[in-house]
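Just so you know, these numbers come straight off a predicted model, no measurement behind them.
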Amino acid sequence: MAVRELTIEPITRIEGHLGAHVKIDTDARKITDAYVYSPMFRGFEIILVGREPSEAIMITQRSCGVCPVPHAYSSAMAVDQTYKVSPPPMAVALRVLVHGAEQLYDAEVGVVNLEGCDYSETLVKKFNPDWWEEAEKANAERVDIHGYEKISDIMRALNPFTGELYVQSLLIQKAGHNMAAIFGAKHPHVHSFVPGGISKANLSPSDFEAYLTLLMRHIAFSKKLVAATDDLLDFVLKQGYEDVGTREANLFSVGAYDAPEQYSAEYSDIGKFGKARLVSPGVILNGELVTTDLVEINVGVREFIGRGWYENDWEQEFSTDPLGNKIEREHPWNKRTKPKPGKYGDWTGAYSWVTASRWFKGGKSHVVELGPLARMWVTAKAGLVPESTGNSLRFELPASPIPGFFAEKLELEWKIPEKPNAVERIRARAYYLAYTAYCMLKMVGSALELLKAGKTEVWTEYERPKEGMGFGAVEAMRGACMHWCVMKNGKIHNYQYHAPSTWNLSCRDPEGQPGPVEDALLQTPVTEAGDVDGWKGIDVVRTVRSFDPCLGCAVHVHVGNKVVRHKLLPYPSNF
Amino acid sequence: MSVSGTINLIWLEGQDCAGCTISTKQASNPTLIDVLVGTIPALGEIRLVFHPTLMPDWGEDAAKVLVDAADGKYDPFVLVLEGAIPDESKAVGGVFCVVGEVGERILKLEDVVRDLSKRCAAAVALGSCASFGGIPHGSPNPTGARGLLDFLGKDWKSGLGLPVVCVPGCPPRPDNIIQALGSLVLVARGVTPVPELDEWHRPKFLYGYTAHELCPICGFYAEGKDAHAFGELGCLGGIGCKGIITNCNASTSWTDGYGGCTRTGVPCFGCADPNFPDPPTSPFFAKAPAMAFVKETFAGNWGHFKMGLARLKRRKI
Ligand code: SF4
Ligand code: SF4
């Protein structure tokens, strides 16, 4: 067999620094070996040790400018528990509204500006010219909704910087940032999340009016985008693309969009309020839903050094979680990480700044995938929300009379696909945009009810305690975002956090199992036209981008061991 | 100084989070699309030839732009850096930040910045990380991160004879970014004078005042009304506001009139300050150094006294 090795670095149009090294069997046109890695390190957790836990809410957001709010949310949840201070319901609603606003823009940027480009006229003509010929003939079924006659028109609309969808998406995204800024002061990096609530002064009905006005634009745009994505991706699947980026259905979600009256700062409550989330938490192993309990989900987490550039020497500090459930040495409440820079491009040794996170059940370690596909799948299967049918998620978007867009109300149904693959990951992201818009509409309703009932407090006063620990988790656009805080003497003793890419982009674990993206690349067929030596790896980057990687977060999440103490200048911090 | 023809933008991401890019995308006056498609005649043709988060190319095709630029193929170009520059000598046996690979050559950020700084028409540090080190530079600075100002030095001059221009903020306000970049292009086109910079190399027209001076709720401060809890309307100085020591205009609003730190009720915690995230900006809920308030109280009382006198004087107009 003839083998071509291909290193792609940088993989652009993702957040952060990412490279991939693949081996391709050029006769069979299949990928036979794959390594993904991150070549950038900042040391966030080292910077966090010795600070006040409340600072983590601001600092951890800054690991990712594309999706800061899930960090703010998870961190605030972990710190609420650490400080034992439950925010009032209105504060929860406002946190959710800020989070949802970000998810809207983030879905659009992912589906259109980052991943969509790979299926644009420019790139398709270059890499899959045979598709282009077909696309010019193929009618787009949902033309009534999105307005594009042919599939080739959709592809043209995705052209970078000039295509209609590309530009429209950029413009509409501003509405997402603006919505986040109404209750978050700014975005990216919202400044209003504080332990015990949110610092939004002068809350008034007009804040919600402004939010709703902008939300309606997203609703209008999401109808168009879902329809166009459906047509485009159905076409791509017909070209024989279902095996690109495919893997077994091993999926992981922590859920999102809390019910304002249910959320609390008690760790013992997370199982209960997790189930009340509008997006359900849960783990699916080989197609079977095995749990929807956030406590069980947390307890099963283990982060191995694997083939990452870190030392593997730390002592186990806790043997159980606060409820007495056993946790392992590799659980993030115990884990410490010391960076150990290693040789670049050593595929037999350590090769990445990303570690290997796995989920344990039944004494086995599972390589689970995170992202909109995972959480839509879990939510559709779990039956915890009325929209869940067991094999689909069905919901209705209201009329949205925005000039230039489809105005009628529209029922959407996202169906669980046969298997995860590159195409289905993108489709799920588009539907998640619509589902989020739908959920935010509900959430504004809940907030207005609170307003009517006079429950307008946004903060619960507290006094900084000395000891505590907490676990916070919520879904970021690209998958679960989890934070673990341990406080001693009023300062952070250990802080660990996982971004979705900590899991998706993880390296080989101690058992040698490849991470989810590596796994998805293995056996992926190569459809790229042209001669072997000229291959640029379009199928590789389409697979990698279908996970919407965010390397910024994935590698900045390592705590220093105790030797690297914080040397803050002497400062009267009680003032 | 007048460059006709195309001006290229080479936008590097170092130890960053892409937040400055996301902020740029929100700018309104003008928008990013306005700049790139040429809506504004005076700006002329601007091409974004390298940007890791936005560019269509990847792998070697992308990385090669950097090598070619160092050879002069993209002259004239403006170098934009987002994110801090780690000290690779501290990554013993490994790497902290690689931006690409060409053939066998591994492009470390440090080397790319050094090479491109020799040719660029102007160099802009976007955000607190690129300006002063920002979060990666936070104590104990595990990777030896530093900003462009430190890396190239305060005396460094670009092809157009300009020093490093810093646009701090975490991220900077959207319009600050686009207006700082735009002003440099206009300088290169010979349309406007060189913007005046302060001692931290920040354009004075954007960073000349503190968040406190521009604060929309400063009236509460003047009246002596403090907020005692988050969510309460009043001056936030008692619950951690660092607006009094931070040069930033984002207290007013974020973009399109939405948000804004103190305007929303959020204490400024100095994310645009050269010391961020270390003291005196941290701990974020700690009050700003007492001296700042003492000085201002004295100046304020004296000022109020003079204002009182002025209001008692006979009107001339
Ligand atoms: S201290 Fe802060 S909130 Fe108070 S007036 Fe100054 S900037 Fe505004
Ligand atoms: S926190 Fe302060 S420095 Fe940062 S954006 Fe807000 S006003 Fe500006």
Side-chain angles (χ1 to χ4, degrees), chain A residues 7-13 15 17 39-43 46-47 52 54-55 58-59 62-66 117 122 160-161 167 170 173-174 177-178 181-182 185-186 188-189 191-192 194 197 199-202 309 341-344 458-459 461 536-537 541 552 564 566-569 571 573 575, chain B residues 15 17-23 25-26 33 36 52-59 61-63 91-101 106 135-136 138-140 142-143 170-171 229-233 250 254-256 258-261 264-266 269 277-279 282-287:
Chain A
T7 302
I8 306 176
E9 145 88 86
I11 292 188
T12 51
R13 273 186 281 123
E15 189 283 315
H17 299 246
M40 197 264 269
F41 178 73
R42 292 183 298 185
I46 301 176
I47 295 166
E52 288 175 18
S54 61
E55 297 203 295
M58 298 299 180
I59 292 184
R62 284 160 162 90
S63 42
C64 181
V66 177
C117 284
T122 325
F161 301 113
V167 173
L170 277 185
Q173 283 163 39
K174 280 185 73 178
H177 297 289
N178 292 346
I182 295 173
K186 64 194 264 291
H189 307 332
H191 284 182
S192 63
V194 294
S199 57
K200 164 76 178 111
N202 209 15
W309 286 317
K343 212 177 119 234
Y344 191 77
V458 291
W459 185 57
E461 202 166 336
K536 304 276 184 205
V541 295
V564 213
H566 217 342
K567 283 188 250 79
L568 286 184
L569 303 176
Y571 187 73
S573 62
F575 286 91
Chain B
Q15 287 175 301
C17 72
C20 297
T21 295
I22 300 296
S23 180
K25 213 166 61 66
Q26 297 174 55
I33 296 281
L36 294 179
T53 313
L54 295 176
M55 68 197 297
D57 287 333
W58 62 85
D61 287 348
V92 185
V95 286
F96 279 146
C97 189
V98 172
V99 292
E101 251 185 89
I106 293 160
I135 294 269
S139 170
T143 58
C170 195
F230 293 115
E232 199 181 310
L233 196 56
W254 185 242
T255 187
D256 299 346
Y258 295 94
C261 292
T264 307
V266 176
F269 60 97
D278 291 336
S282 156
F284 300 148
F285 292 159
K287 283 153 232 167

- Given the options A:S199, A:G197, A:S192, which has more heavy-atom pairs under 4.5 Å with chain B than any of the others? A:S199
- Query: Quick one: of A:I182, A:V194, A:N202, who has the most non-hydrogen atom pairs under 4.5 Å with chain B?
  - Reply: A:V194
- Task: With side-chain contact (heavy atoms from CB on, under 4.5 Å) as the test, would you mind laying out the steps for A:Q173 and B:I22 before giving the verdict?
- Result: CA-CA 10 Å; A:Q173 283 163 39; B:I22 300 296; over 6 Å; no
- Message: For B:C17, is there any backbone N or O sitting under 3.5 Å from a side-chain donor or acceptor partner on A:R62?
- Response: no
Considering all heavy atoms of both residues, which atom of [X] and which atom of [Y] are nearest to each other, and what is their separation?
X	Y	answer
B:F230	A:V458	O-CG2, 4.0 Å
B:S282	A:E55	OG-OE2, 3.0 Å
A:I47	B:G138	CG1-O, 3.7 Å
B:T264	A:A185	OG1-CA, 3.4 Å
A:H189	B:C170	CD2-O, 3.4 Å

- Message: Is B:Q26 in contact with chain A via its backbone, its side chain, both, or neither, using a 4.5 Å heavy-atom distance?
- Response: both
- Query: With side chains defined as the heavy atoms from C-beta onward, is the minimum distance between B:P140 and A:I46 less than 4.5 Å?
  - Reply: yes
- Task: Return the set of residues passing salt bridge (charged side-chain N to carboxylate O under 4.0 Å, His left out) with B:K25 (not counting sequence neighbours), or none when no residue passes.
- Result: none
- When rounded to the nearest 0.5 Å, the distance separating CD of A:E52 from CZ of B:F285 is 8.5 Å
- Note on the structure: Separation between OG1 (B:T255) and NE2 (A:H177), nearest 0.5 Å, reads 9.5 Å
- Item | With sequence neighbours excluded, residues passing side chain to side chain contact (heavy atoms under 4.5 Å, CB included) with B:S23 | A:P188, B:P171, B:P174, B:I177, B:W254
- Item | When B:I135, B:L233, B:L36 are compared by non-hydrogen pairs under 4.5 Å with chain A, the top option | B:I135
- Item | Closest-packed option against chain A by number of heavy-atom pairs under 4.5 Å, given B:G231, B:G260, B:A250 | B:G231
- Plane angle bin for B:F269 and A:H191 - parallel if under 30°, tilted between 30 and 60°, otherwise perpendicular: tilted
